[in-house]
> 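Can you keep this structure in mind? I'll have questions shortly.
Below, chain A is the first sequence line, B the second, and so on; all start at residue 1.
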Amino acid sequence: MAEHNSQSERTGYDPKAIEIKWQKRWEDARVFESEAETTTPGKATKPKYYVLEMLPYPSGTLHMGHMRNYTIGDVVARVKRMRGFNVMHPMGWDAFGLPAENAAIKNNTHPRTWTNANIKEFQKVLRRFGFSYDWRREISTCEPEYYRWNQWFFLRMLERGLAYRKKSRVNWCPKCCTVLANEQVVNGGYCWRHEDTLVEAKEISQWFLKTTAYSEQLLDDLKSLEGGWPERVITMQRNWIGKSRGARVKFAVAEVAGADAIEIFTTRIDTIYGATALILAANHPLVPRLVEGAANKNEIDAKLAQMRQASTKTEDLATAEKEGFLTGKYAINPFSGEKLPIWVGNFVLMEYGTGAIMAVPAHDQRDFEFCRKYELPARVVVQPADGQKLVEEEMTAAFEEHDKGILVNSGPYGGLSIDDAIAKMTAVAEKNNFGKGETIYRLKDWGISRQRYWGTPIPVVHCEKDGIVPVPEKDLPVLLPANPKLTGMGESPLASTPEFVNVTCPKCGGAAKRETDTMDTFVDSSWYFYRYCDPKNAQAPFDRAKAAYWFPIDQYIGGITHAILHLLYSRFWCKVMRDLGLITHSEPIQRLFTQGMVQKGGVAMSKSKGNVVGALEMAEKYGADTGRLYTLFAAPPEKDLEWSEESIEGSWRFLNRVYRLVERNAPAVREIRSGRIDVARLADSTEKEKALLRKAHETLRRVARDFDTRWHFNSAIAQIMELTNEIYAREPLTTGARPEVVKEVLELVTLMLAPMTPHVAEELWEMLGHTKGLWTVSWPEFNEALTREDDVEIVVQVNGRVRGKLKATMDIAEEGLVKMAEADAAIAPHLAGKAIVKRVYVPNKLLNLVVT
RNA sequence: GCGGGAGUGGCGGAAUUGGCAGACGCAGCAGCCUUAGGAGCUGCCGGGCGCAAGCCCUUGGGGGUUCAAAUCCCUCCUUCCGCACCA
């Protein structure tokens, strides 16, 4: 560390001093504040650009993994500003959450104290890196000014039946002592926060938001995101929503007086003549009735108990052997009238479909395995259309192919294609009232109740007389009690605060109890980006006109970890807000970018893994600019980046090199006041001038392309390094080159670096004689004329192999070039004694001669 | 099992989207400068053969299309990620 400081003193590049200096100036000049939302017709206005990085949870320390995310966003914001956009680039805090509560319990303090201290720290670090945020728009989700709107939205959803309460089996994390959403159960049964803790099932009354009301829209609108969102994320969401088209079919139960029919769900009603059993989930409500009075009741009960408490881990589920037993009862196939044995099977899930299936061993692999094990018969009812004939006894796997098959052994439906059969048989089932076509989704409603303190109170009151009564809007926000008793155990801490709980019913005025659950913090982050448009609004979550101006978000940037949770909830919330009339669009995020993780030792940087490189230490050691540059240079942004202490040196050296270059040459050029170089003035230019300008503008062309279309910051930086190397090779610069040209070239280097290493760029810009800051400067115009060359180098291949290179005048004709090739000492031997049978000429680039 | 990526020197990675593979950087080697260098500057740096000019091989393996393939097609392998008994 010390050596860098002493080094910087010697060379003059002192990143810390430069960075602090320019951060102060930016702040004083308020250069990152977006302009007002002007959409006055006829008035020339800048186009808007809303770029956003996912808001952080303020905990622990910011490390270079975080910084990568923010650096990418900052480069985009700065490029767009230079390109004349009205840019909104805000930052805020996802400030509610369990860690704050746990830390408060541990340190005997208040979650707010802990959270606000972290926010202060985060602000400091983000400022130290010079990110161009509009801090006027900062929000913190734990403030009543923010969370009152969570409550407001909740009431709106309650009115519309989109929020409801029901007793349900929930995912309970014994460590968090709270309920988890389905999406928060990871690795097939573990808490997303405690990956070593198995989630338990518990029956509690919970609040839900009806995400399933939007299943179809959430799925359908994914189409509009194609191209703007990573395919991977779209696919993950599509699978998560999990649409299946099929049919419900009722099978009457034989010989059980008064028993309801068993409803099964199938996507292959066409195979119903091949059903040889029904299989129910162990916790299917009809199971007790069916096994009542069975001869082997004890044995059955033991098996049932075993199945019900079997591991909920999905790996186990997927690999567990199929188990089941016969109930001794029968069901009637409504199509064929056939009597089918009813089984209970461990692979049938109560949570999906109806909790009961028909087993078609010949055409479903799971049924096939189950029936082989228990020696149930299989019956082929679909034969492949290609003529091969399936025979039950010879099958080694089920024939499942949907697209090519013809029905056989299926009564009146024999000979139909699968699709035709599905349509006809569904219609028949509907007509005869024993079934209907149905589409089901894997997506579940969103359980938002949390038995925790540090979250948004759910704004309802429980009255013995009136039941659930919403808190009137005028009484919002329902404030969190200031001094809760936090234990981290059992029911919500709010329940043990009598002055919070005991209220009067807004409806009847009688005694009532306030709801003590708080909302899942994913509620906070589902709409926060709308609040940035209008962060201080006390009348509404945001002003409609402002949201209409800024939305949708042009570019959202964050980790792939939020591919489902946050992004799905956000999309849901957007649709609800649209239906409330607050906005008119259906998708909040136009483009999504998921950056790769920063790893060290092959593992993602994280405090718990103990492999973090702190952002502040980085800034102290090399400066924020070097930190930014390295994270951009080491890998393309979508890829994971392995942190290397050694490689950073390269980025550090490069900035020093540029700094020294400008430092040396600035005195000779700083008085020049001319603008950009134009072609006319180059009529008498020297070779050196031409070469410098050509390289500089060629670099500009490529860097602009990398910024605009590909986000390949790593290759953009490589291009600038190459240009710098070229300039170094041409020193002393002003010998044989006019100062104007030298200045032009050095300025281009500076401007191209500006979005990535803004502090040192400002400093260089000042050294080059400018009195106005870089923020007043537009992205430089690429001058194609300057890149044009009189001579070109053309690669000559013989039979596809490079045999030589020819210098020729631009746009040389093919004939002339072939003559040159034939005369060339390196190429001629490869042509000797052979006939040219074909010539391929890519103008000014390549000539391939095919000889025999 | 299903879905989506990825495979290029010792390492991170580049290749204008079918046109000179290995840009740029790290590490390494050599030289210069220096009282000194963990600074700076210059050069070398995929493999094989060769004194050299040069020739051959090389983008996970194999096959194909093409004048031309890291890039397109087929096939296999490895690896990462997501979902996973979803009826």
> Tell me whether the side-chain N/O atoms of A:Arg653 come closer than 4.0 Å to OP1 or OP2 in B:A27.
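The answer is yes; a side-chain N or O of A:Arg653 sits under 4.0 Å from OP1 or OP2.
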
> Please report the interatomic distance OG1(A:Thr626) to CD(A:Glu649), rounded to the nearest 0.5 Å.
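Rounded to the nearest 0.5 Å, the OG1-CD separation comes out at 9.5 Å.
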
> Which of these nucleotides, B:G4, B:C67, B:A87, is closest to any side-chain atom of A:Glu231?
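So the nucleotide nearest the side chain must be B:G4.
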
> Using a cut-off of 4.0 Å on non-hydrogen atoms, how would the nucleic acid contact of A:Arg248 be classed: base, sugar-phosphate, or nothing?
nothing

> Can you tell me how far P in B:A6 sits from the matching atom in B:G18, rounded to whole Å?
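Rounded to whole Å, the distance is 16 Å.
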
> Which nucleotide sits closest to the side chain of A:Arg660: B:C55, B:C26, B:C41?
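Minimum distance to the A:Arg660 side chain belongs to B:C41.
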
> Using the glycosidic torsion, which applies to B:G61: syn (within 90° of 0) or anti (everything else)?
anti

> Output yes when A:Arg788 and A:Glu784 qualify as a salt bridge under the 4.0 Å nitrogen-oxygen rule, no when they do not.
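Salt bridge between A:Arg788 and A:Glu784, a charged N being under 4.0 Å from a carboxylate O: yes.
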
> Hey, is the side chain of A:Lys322 pairing donor to acceptor with the base of B:C85 inside 3.5 Å?
yes

> Within the structure, does a side-chain N or O atom of A:Lys639 lie under 4.0 Å from either OP1 or OP2 of B:A6?
no

> Any donor-acceptor pair under 3.5 Å between the side chain of A:Asn848 and the base of B:C67?
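Yes.
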
> Could you check whether A:Phe654 gets within reach of a base, just the sugar-phosphate, or nothing at all, counting any heavy atom under 4.0 Å?
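Touches nothing.
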
> Within less than 4.0 Å of OP1 or OP2 of B:A14, is there a side-chain N or O belonging to A:Asn714?
yes

> Determine the contact category for A:Gln797: base if any of its heavy atoms lies under 4.0 Å from a base atom, sugar-phosphate if only primed atoms, P, OP1 or OP2 are that close, otherwise nothing.
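Answer is base: heavy atoms of A:Gln797 come under 4.0 Å of a base.
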
> With nearest nucleotide decided by heavy atoms, which residue, A:Arg705 or A:Ile560, maps closer to the 5′ end of RNA chain B?
A:Arg705

> Quick one: look up who B:U79 pairs with, Watson-Crick or G-U, both distances under 3.5 Å, and put none if it's unpaired.
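Pairing partner, where one exists within any strand: B:G5.
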
> Can you identify which nucleotide, out of B:A87, B:C24, B:U17, has its nearest atom closest to the A:Ile357 side chain?
B:A87

> Just checking A:Arg442: base, sugar-phosphate only, or nothing, at a heavy-atom cut-off of under 4.0 Å?
base

> Taking 4.0 Å as the cut-off, does a side-chain nitrogen or oxygen of A:Arg366 come that near to OP1 or OP2 on B:C86?
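Indeed, a polar side-chain atom of A:Arg366 lies that close.
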
> Ignoring backbone atoms, test whether A:Arg803 places a side-chain nitrogen or oxygen under 4.0 Å from the OP1 or OP2 oxygen of B:C55.
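Checking B:C55 against A:Arg803, a side-chain N or O does come within under 4.0 Å of OP1 or OP2.
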
> State, with a plain yes or no, whether a side-chain heavy atom of A:Arg238 is found less than 4.5 Å away from one of A:Leu219.
yes

> Please figure out whether A:Asn725 or A:Val795 has its closest RNA chain B nucleotide nearer the 5' end.
A:Val795

> Name the nucleic acid region contacted by A:Gln719, choosing base, sugar-phosphate or nothing; use a 4.0 angstrom heavy-atom cut-off, strictly under.
nothing

> Looking at every strand, decide which applies to A:Pro230 at a 4.0 Å heavy-atom threshold: base, sugar-phosphate, or nothing.
nothing

> I'd like to know if A:Arg839 and A:Glu815 make a salt bridge, using a cut-off of under 4.0 Å between side-chain N and carboxylate O.
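A salt bridge is present here (some side-chain N lies under 4.0 Å from a carboxylate O).
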
> C1' atom, B:G61 versus B:A70: distance in rounded Å?
15 Å

> Rounding to the closest angstrom, what is the interatomic distance between B:C83 and B:G28 at atom P?
42 Å

> Any base atoms under 4.0 Å from A:Glu646, or only sugar-phosphate, or nothing? Heavy atoms, all strands.
sugar-phosphate

> Taking atom C1' in both B:G9 and B:A21, compute the distance separating them and give it to the nearest angstrom.
11 Å

> Quick check on ring-ring contact (aromatic ring centres under 6.0 Å, His included): which of A:Tyr622, A:Phe654, A:Trp643 does A:Tyr630 satisfy it with?
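Output: one option passes, namely A:Trp643.
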
> With rounding to the closest Å, how many angstrom separate the P atoms on B:A30 and B:G37?
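Nearest-Å result for B:A30 against B:G37 at atom P: 14 Å.
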
> Under the side-chain contact (heavy atoms from CB on, under 4.5 Å) criterion, do A:Val381 and A:Leu407 qualify, and how do the steps go?
CA-CA 6 Å; A:Val381 292; A:Leu407 267 69; 5.7 Å; no

> Determine which nucleotide pairs with B:C20, using a 3.5 Å limit on both distances of a Watson-Crick or G-U wobble pair.
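Paired with B:C20, as far as the under-3.5 Å criterion goes, is no nucleotide at all.
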
> For A:Glu698, which of A:Lys695, A:Arg701, A:Arg694 qualifies under salt bridge (charged side-chain N to carboxylate O under 4.0 Å, His left out)?
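With A:Glu698 as partner, salt bridge (charged side-chain N to carboxylate O under 4.0 Å, His left out) holds for just one option, A:Arg701.
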
> How is A:Val837 classified with respect to the nucleic acid when contacts are heavy atoms under 4.0 Å: base, sugar-phosphate, or nothing?
nothing

> Using a 4.0 Å heavy-atom cut-off, does A:Arg657 contact any base of the nucleic acid, only the sugar-phosphate backbone, or nothing at all?
sugar-phosphate

> Only pairs with both distances under 3.5 Å count, Watson-Crick or wobble alike; so what is the partner of B:G28 in this structure?
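B:C44 - that is the nucleotide pairing with B:G28, both distances being under 3.5 Å.
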
> Nearest to the side chain of A:Thr235, heavy atoms from C-beta on, is which of B:G3, B:A15, B:A87?
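Given the options B:G3, B:A15, B:A87, the side chain of A:Thr235 is closest to B:G3.
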
> Under the rule syn = chi within 90° of 0, otherwise anti, which is B:U34?
anti

> Could you label the plane-to-plane angle of the A:Tyr374 and A:Trp343 rings as parallel, tilted or perpendicular, counting under 30° as parallel and over 60° as perpendicular?
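Plane angle between 30° and 60°, so tilted.
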
> At less than 4.0 Å, is any side-chain N or O atom of A:Ser715 found next to OP1 or OP2 of B:G13? Yes or no.
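So the side chain of A:Ser715 is outside the cut-off, no N or O lying under 4.0 Å from OP1 or OP2 of B:G13.
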
> For A:His830, answer base if it contacts any base atom (sugar-phosphate contacts may also be present), sugar-phosphate if it contacts only those atoms, and nothing otherwise; contact means non-hydrogen atoms under 4.0 Å.
sugar-phosphate

> If only side-chain N and O atoms of A:Arg710 are considered, is one of them under 4.0 Å from the OP1 or OP2 phosphate oxygen of B:A15?
yes

> Using a cut-off of less than 4.0 Å, is there contact between a side-chain N or O of A:Arg801 and OP1 or OP2 of B:A21?
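Answer is no, no contact under 4.0 Å.
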
> Any donor-acceptor pair under 3.5 Å joining the side chain of A:Lys805 to the base of B:C20?
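Answer yes: a donor N or O sits under 3.5 Å from an acceptor.
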
> Looking only at the side chain of A:Val802 (C-beta and beyond, no hydrogens), which of the listed nucleotides B:A87, B:C20, B:C24 gets closest?
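Selected nucleotide (nearest to the side chain): B:C20.
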
